[in-house]
There are 2 protein chains.
Amino acid sequence: MPTPDRTSLDEIVAAGRSLLESGGLSGLTMQAVADRVGVRAPSLYKRVRDRSELVARVAEATIRELGDRLDAAAAGEPDPRRALAALARAVRSFARGRPVAFGVVFSPGADLDLDPESLARASATVIRIAAELAGEERALDAARTVTAWLNGFVGMELSGAFRLGGDVDRAFEFGIVTLTEALTRRG
Amino acid sequence: MPTPDRTSLDEIVAAGRSLLESGGLSGLTMQAVADRVGVRAPSLYKRVRDRSELVARVAEATIRELGDRLDAAAAGEPDPRRALAALARAVRSFARGRPVAFGVVFSPGADLDLDPESLARASATVIRIAAELAGEERALDAARTVTAWLNGFVGMELSGAFRLGGDVDRAFEFGIVTLTEALTRRG
DNA sequence: ACCTGAACACCGTTCAAGT
DNA sequence: ACCTGAACACCGTTCAAGT
């Protein structure tokens, strides 16, 4: 005798995202998720192999959302230099909106195996802009330089690593200008 | 009647570092540490407030070691451009030697409160070189740009984020050259 | 003054039994 | 076919009792 579904994978992931942001990774508990969606913890294992898979799904949803934001930010900017700046600011503001999830996605050694497609999608915009800016030949190296700086900066900011005072906003804009300048193909 | 000490904080931290590297953060267990140093888990609480403090001590030891490496790497290089390159390569090679610890120290939202002094010490070398390279006025912004790129690159490399093929070594050297070039004070 | 066994709360996960 | 209670192993942590 079938039982009607009392929850869904989407609902579970959404609950996970919310719990992650409010209580950190250690607050993302199978029990807490189950409570949120209105089932008992064992039932979650019908939709998800184990907790690590749930974390991976949460990370994936985060990456997909970030990808959307990047597309949107760069869409209105035909000039690659302005597009790059818009994209960088979009990442920073996204991280501020979802600090914990951003931290999980970009923390080294998190070991979530993410869907390659969502990852490719999220980096496509950066690569495209890097190609326009630096030329096809240097596109990959340029994109990696920008992405590393951007993830590094935002990650450090999130963990409060900029402890020496000064103007962090200015340092961010300085980084954008410096990199844009350096990567622009010299005529 | 006093009991002779059967372990020490140093021994506990050393065991923690070893366990962290071999079994990840989840392998760094109070029980496992206790086994390593030859006491029962409750005894650890005589030297350490709780597990999070132990993790913080492990992170701190890692940062101090990294600071030493940076000093050593930059020491032999009077030319700031070469010093910066040496320093960047030293960070990358350090991270390869202690990937998990590096990940913990530089993962956004790790929320370890580290000793400000060890942090200052680890960043002092970068700031000094940045000042020589970019001038005193731009030193902080320049140091932040370099540090962000470096942490970001190494972190991404550790988590296997460079999935699009290409030569990652070349991308690293590309980043060094690009940043050094861009940050050098124009005559 | 340090160390220990026992105990507690909490977690992830499994599984047989229900519908 | 999904859901549940019960159970298990494993944590971190506390504490009274030992030496």
Side-chain angles (χ1 to χ4, degrees), chain A residues 1-60 100-101 103-104 107 109-113, chain B residues 1-60 100-101 103-104 107 109-113:
Chain A
M1 208 67 99
T3 304
D5 293 13
R6 229 161 283 183
T7 184
S8 68
L9 181 57
D10 280 355
E11 202 188 2
I12 288 169
V13 172
R17 297 185 76 184
S18 161
L19 284 165
L20 177 65
E21 225 46 72
S22 63
L25 198 50
S26 70
L28 175 39
T29 294
M30 298 302 272
Q31 314 253 19
V33 171
D35 281 355
R36 277 287 182 96
V37 304
V39 299
R40 303 292 177 169
S43 299
L44 299 177
Y45 294 82
K46 286 287 158 181
R47 326 263 188 217
V48 111
R49 193 165 22 86
D50 54 20
R51 181 177 177 271
S52 79
E53 189 186 303
L54 174 54
V55 173
R57 299 257 167 177
V58 166
E60 219 161 274
V100 186
V104 168
S107 81
D111 231 19
L112 349 134
D113 52 353
Chain B
M1 206 69 95
T3 303
D5 292 13
R6 228 161 285 182
T7 184
S8 67
L9 181 57
D10 280 356
E11 202 188 3
I12 288 168
V13 172
R17 296 185 76 184
S18 160
L19 284 165
L20 176 65
E21 223 47 71
S22 62
L25 198 50
S26 69
L28 175 38
T29 295
M30 298 303 270
Q31 314 254 20
V33 171
D35 281 355
R36 277 286 182 99
V37 303
V39 299
R40 301 291 177 171
S43 300
L44 299 177
Y45 293 82
K46 287 285 158 181
R47 326 262 188 219
V48 113
R49 192 167 22 87
D50 54 18
R51 181 177 178 270
S52 80
E53 189 186 302
L54 175 53
V55 173
R57 300 257 168 177
V58 166
E60 220 161 273
V100 186
V104 168
S107 80
D111 230 19
L112 348 135
D113 52 354

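Lettering follows sequence order; numbering is per chain, from 1.
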- Mind checking who C/dT13 pairs with, Watson-Crick or G-U wobble, both distances under 3.5 Å? D/dA7
- Message: If I take atom CG in residue A/Leu25 and atom P in nucleotide C/dC11, what distance separates them, rounded to the nearest angstrom?
- Response: 13 Å
- Roughly how many Å is it from CG in A/Leu44 to C1' in C/dC15, rounded to a whole number? 16 Å
- Message: Output the rounded distance in Å from CZ (B/Arg6) to P (C/dA1).
- Response: 17 Å
- What is the nucleic acid contact for B/Thr7, judged by heavy atoms within less than 4.0 Å: base, sugar-phosphate only, or nothing? sugar-phosphate
- Does B/Arg51 make a side-chain N or O approach to OP1 or OP2 of D/dT13 shorter than 4.0 Å? no
- Item | Rounded interatomic separation in angstrom, taking CG from B/Asp35 and C1' from D/dG12 | 15 Å
- Query: Quick one: CG on A/Leu44 to CG on A/Asp50, what's the gap to the nearest 0.5 Å?
  - Reply: 11.5 Å
- Message: Whole angstroms only, please: what is the OH-P distance between B/Tyr45 and C/dG5?
- Response: 16 Å
- Taking only side-chain nitrogens and oxygens of A/Ser43, does any of them come within less than 4.0 Å of OP1 or OP2 of D/dC2? no
- Note on the structure: Closest to the side chain of B/Arg47, out of D/dT13, D/dC3, C/dC2, is C/dC2
- Query: Atom CZ of B/Arg49 and atom P of D/dG12: how far apart are they, to the nearest Å?
  - Reply: 15 Å
- Query: Once you round it to whole Å, what is the distance between C1' of C/dC3 and NZ of B/Lys46?
  - Reply: 9 Å
- Task: Give, for atom CG of B/Leu112 and atom OG of B/Ser107, the distance between the pair rounded to the nearest 0.5 Å.
- Result: 7.0 Å
- Message: Just the rounded figure in Å: distance from C1' of D/dC2 to CD1 of A/Ile12.
- Response: 12 Å
- Message: Side chains of B/Arg49 and B/Leu54, heavy atoms from C-beta outward: is any pair under 4.5 Å?
- Response: no
- Message: Counting only side-chain heavy atoms from C-beta out, which of C/dG12, D/dT13, D/dT4 sits nearest to A/Gln31?
- Response: C/dG12
- Could you please name the partner base of D/dA1, counting Watson-Crick and G-U wobble pairs only when both distances are under 3.5 Å? C/dT19
- Message: It should be established whether B/Arg40 places a side-chain nitrogen or oxygen under 4.0 Å from OP1 or OP2 of nucleotide D/dT13.
- Response: no
